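Sequence positions, counted from 1, serve as the residue numbers for this chain. Just follow the structure's listing: the first ligand is 1, and inside any ligand the first atom is 1. Small disclaimer: the values here were computed from a predicted structure and weren't measured.
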Amino acid sequence: MPADLEAASVSISDAGGLRVEWQPGGHVSDYDADWLRGHRGGASDRSHCGPAPAMWGAELSKAMPGADYGDVTGSDDALMTWLRLLRDFGVAVLRGTPREPLSVLALAGLIGPARATNFGEHFDVVSKPDPNSNAYTALGLPCHTDLPNWERPPDYQLLHCLENDAEGGDSVLVDGFRAADELRRREPAAYRLLTRFPIDFRFQDDESDIRFRAPTVALDEAGAVAEVRFNFAVMDAISAPPERVGALCRALRAFAVVIRDPALECHYRLNPGELLIFDNRRVLHGRAAFDPSTGRRHLQGCYVDRDQLLSRIRVLERSASLQ
Ligand code: OGA
Ligand code: ZN
């Protein structure tokens with residue numbers, strides 16, 4: 001490219017597009033009007049990732065976005081509609097899936113290949129002896145995001161229910177974008193601290209020692225909330241100047257209070273054969289304690305990348321009859 005390249009002439013073409021003649025060289029470019037409109041940019045441009053997120057609270061307990069396995073495997077339009085719900089709400093269920101072990105990996109394949117972590121390509125959420133995670137106990141889990149100790153935490157988490165007969169164990173989901181927005185309104189100083197200063201995360205067991213530092217709330221270039229990392233179970237000691245540690249702890253506590261606000265909590269009981277998927281970088285998940293002496297609870301989980309989900313939606317949109 002010559003450094004002095006310039007648009008020597010600009011005109012509207014017969015087709016209604018923009019025609020530019022470049023000098024030096026005399027190359028002519030034609031730009032379609034719709035293409036230009038689609039690339040006009042601006043601070044709120046979301047053309048790469050779909051419409052603005054649909055934020056939610058407790059009301060989602062009675063209106064969980066979902067679809068039937070038979071429908072999404074039988075129709076590309078139904079699959080596209082369900083994947084768009086997942087993209088926009090950050091959570092969706094699929095009912096009537098096969099109950100065979102490892103179906104979760106085939107279900108992930110509706111979107112793309114599973115992304116392996118230190119917990120494997122898939123993981124079994126059951127109460128186990130000598131657990132290396134509190135997920136593998138019968139304890140209640142306060143709402144959290146998985147693997148904030150990774151530089152790039154997994155995007156979407158799948159939990160496939162094989163058995164759920166034990167008393168307790170209901171799932172809880174909280175929209176982290178909504179929670180961050182509530183914190184910004186209720187406690188602006190705490191919000192500012194959590195968007196600016198990193199928290200140290202660490203997981204270690206016999207085989208791994210995985211650490212990362214990142215702010216609790218990450219913002220995009222327009223200042224909108226882009227990601228939430230929140231998990232006391234894998235927090236390390238905070239490495240910050242002593243005068244900031246107290247304020248950070250108080251800010252984290254204030255966020256925890258918002259996250260536990262019943263007005264934000266969506267409660268859902270997973271039934272055998274149901275798959276729950278959520279955006280692990282937006283939606284926090286947890287569960288009530290369960291009593292393993294009253295029955296069995298067995299979920300299988302894995303993760304998939306957002307790139308695969310968005311790509312799948314775009315490819316389905318190419319041939320969709322509804323847009
Ligand atoms: C997990 C987890 C929730 C559940 O495995 O990451 O949080 O419902 N499990 O058991
Ligand atoms: Zn979890």
A quick test of your reading: do over 12 heavy atoms of other residues, nucleotides or ligands sit less than 6.0 Å from CZ of Arg186? yes

Within the protein, residues bringing a heavy atom under 4.0 Å of ligand 1, chain by chain: Phe123, Val125, Ala135, Leu141, His144, Asp146, Gln157, His285, Arg287, Arg297, Leu299

Going by salt bridge (Lys or Arg N to Asp or Glu O under 4.0 Å), name the pairs with one or both residues in residues 156-165, residues two or more places apart or in two chains. Glu163-Arg296

Assert yes or no for the condition that the ring centre distance of Tyr156 to Phe278 is strictly below 6.0 Å. no

Please check if the side chain of Glu227 supplies one atom and the backbone of Ala218 the other of a donor-acceptor pair under 3.5 Å. no

Donor + acceptor pair across side chains of His285, Asp146 (<3.5 Å): yes

Carefully, step by step, assess Phe201 and Phe203 under the rule ring pair (Phe, Tyr, Trp, His ring centres under 6.0 Å). CA-CA 7 Å; Phe201 294 103; Phe203 170 89; over 10 Å; no

For residues 235-245, the salt bridge (Lys or Arg N to Asp or Glu O under 4.0 Å) pairs (sequence neighbours left out) are none

Just checking, is any N or O donor in the side chain of Asn118 or Trp150 under 3.5 Å from an acceptor N or O on the other one? yes

Does the gap between the ring centers of His144 and Phe232 come in under 6.0 Å? no

Distance below 2.8 Å from the Zn ion (ligand 2): how many protein N/O/S atoms qualify? 3

